[in-house]
Amino acid sequence: MMDAAWPVDFWIPAPGRVPDGVRVYAIGDIHGRADLLDQMLDRIDMDMARDATGVDRFVGVFLGDYIDRGPRSRRVLDILSNGMPKGLETVFLMGNHEQFLVSFLDGEGDPAGWLYNGGLATLASYGVEAPHGVYLTGEEENNLRAAVLDALPERHMVFLRRLALQHREGAYLFVHAGVRPGVAPENQAAEDLLWIRGPFLTSDADFGCVVVHGHTITPRPLVLTNRIALDTGAHDTGRLSCGVFEGDRLRFLQT
């Protein structure tokens with residue numbers, strides 16, 4: 001059993017491989033913890049500067065759930081949309097919490113699920129007065145939507161609209177939640193990529209790739225033959241985790 005300081009920064013054998021000359025930094029769920037994001041970006045910046053031997057491309061893949069629950073969702077989107085380390089290519093995936101917000105702004109579905117699951121913290125970060133409850137009348141919902149649209153900077157809206165659902169690097173498929181076993185990556189439903197748990201988490205199937213994901217909290221990064229889990233509950237634990245993939249090796253950075 002590793003102690004609470006795990007994961008430490010050393011290479012271990014990985015279940016997949018990225019192309020030669022590529023190093024990937026995959027960052028788990030941030031959930032409004034701008035303080036931890038700042039720390040992680042500093043660590044990545046130092047890591048790139050410290051050891052760049054044989055690396056032609058540094059790629060940062062953010063696994064979604066940037067907003068909600070933690071106190072500084074607005075600041076997180078400020079950083080992600082305008083504050084990456086120099087030389088780091090970036091891929092931003094959509095999480096189910098970004099889907100919550102975009103769906104609300106588009107007038108789709110009941111916003112109660114979003115508000116109950118951390119959306120109130122996001123409203124506060126934008127200075128939007130929170131409703132008295134999560135179940136809104138039609139008028140209350142329209143008024144809240146107008147207030148959020150007014151408070152949301154255009155850069156944040158563009159960022160949210162451009163989020164990807166998946167990204168492939170070598171043997172790895174990066175998604176927010178997971179994949180549906182038995183379905184090819186190119187045929188995966190958005191609902192599964194953003195929300196799936198049980199059928200994916202309990203599967204020992206070969207997915208045709210090693211799936212790197214967040215969404216489901218684990219005490220520490222979890223490495224299995226068919227998947228790697230990187231959500232360590234940053235909003236509650238203060239531990240934001242990043243998997244570093246190079247060749248057929250893997251290590252971790254953590255706040």
Anything under 3.5 Å between a donor and an acceptor, one on a side chain of residues 76-83, the other on a protein residue two or more places apart or in another chain? List them.
| unit_1 | atom_1 | unit_2 | atom_2 | d |
| --- | --- | --- | --- | --- |
| D78 | OD1 | R155 | NH2 | 3.2 |
| D78 | OD1 | H156 | NE2 | 2.7 |
| S81 | OG | L77 | O | 2.6 |
| S81 | OG | D78 | O | 3.4 |
| S81 | OG | R155 | NE | 2.9 |

Name every donor-acceptor pair, under 3.5 Å, that has one atom in a side chain of residues 146-154 and the other anywhere in the protein, sequence neighbours excluded.
none

For a quick test of your reading: what N or O donor-acceptor pairs under 3.5 Å do the side chains of residues 201-209 make, sequence neighbours left out?
| unit_1 | atom_1 | unit_2 | atom_2 | d |
| --- | --- | --- | --- | --- |
| T202 | OG1 | G198 | O | 2.7 |
| S203 | OG | A205 | N | 3.0 |
| D206 | OD1 | G208 | N | 2.8 |

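The one candidate from V211, I228, L93, V210 that meets the side-chain contact (heavy atoms from CB on, under 4.5 Å) condition with F174 is L93.
In this structure, P181 and V179 approach most closely via the heavy-atom pair CD-O, 3.4 Å. Residues L194 and N96 share a closest heavy-atom pair of O-CB, 3.4 Å. Across every non-hydrogen atom of L160 and M94, the tightest pair is O-CE, 3.9 Å.
With values rounded to the nearest 0.5 angstrom, C242 atom SG is found 5.5 Å from M40 atom CE.
Remark: R180 engages D192 in a side-chain hydrogen bond (donor to acceptor under 3.5 Å, both in side chains) (not counting sequence neighbours).
When ring centroids are compared, Y66 and H97 stay outside the 6.0 Å threshold.
Among residues at least two apart or in separate chains, salt bridge (charged side-chain N to carboxylate O under 4.0 Å, His left out) pairs with a member in residues 87-108 are R57-E89, D106-R161. Residue pairs meeting the ring-ring contact (aromatic ring centres under 6.0 Å, His included) criterion with at least one partner in residues 43-62, sequence neighbours excluded, are F62-F92.
Donor-acceptor pairing under 3.5 Å is recorded for the side chains of D65 and H31. Using modelled atom types, one finds a donor on one side chain and an acceptor on the other under 3.5 Å when comparing T122 with S73. Using a 3.5 Å distance cut-off with no hydrogens or angles, the side chains of Q39 and T255 do not pair a donor with an acceptor. With no hydrogens or angles considered, a side-chain donor-acceptor pair links R197 and T216 at under 3.5 Å. Between the side chains of E246 and W11, no donor-acceptor pair is found at a separation under 3.5 Å.
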(request) Step by step, work out the side chain to side chain contact (heavy atoms under 4.5 Å, CB included) result for E169 and V22. (result) CA-CA 9 Å; E169 290 282 349; V22 177; 4.0 Å; yes

(message) As a quick check of understanding, evaluate side chain to side chain contact (heavy atoms under 4.5 Å, CB included) for M84 and L41, giving each step before the final call.
(response) CA-CA 7 Å; M84 294 296 100; L41 292 176; 3.8 Å; yes

(request) Check step by step if side chain to side chain contact (heavy atoms under 4.5 Å, CB included) holds for L253 and V244. (result) CA-CA 7 Å; L253 305 176; V244 186; 3.9 Å; yes

(request) Begin from the C-alpha positions of F252 and R220 and carry the test side chain to side chain contact (heavy atoms under 4.5 Å, CB included) through to its verdict. (result) CA-CA 10 Å; F252 299 94; R220 52 182 64 87; over 6 Å; no

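Placement of Y135 and L115 within a single hydrophobic cluster is found when ILVMFWY residues are connected by side-chain heavy-atom separations under 4.5 Å, directly or transitively. No continuous path of hydrophobic side-chain contacts links W195 to V183 [ILVMFWY only; heavy atoms under 4.5 Å].
Counting only heavy atoms from C-beta outward, the side chains of H176 and H213 never approach each other to under 4.5 Å. Using a 4.5 Å heavy-atom threshold, the side chains of L88 and V59 count as separate. V128 places a side-chain heavy atom less than 4.5 Å from the side chain of L144.
For R23 and D51, the salt-bridge test passes: some basic side-chain N is under 4.0 Å from an acidic carboxylate O.
Around atom CZ of R162, no more than 12 heavy atoms belonging to other residues, nucleotides or ligands sit under 6.0 Å away.
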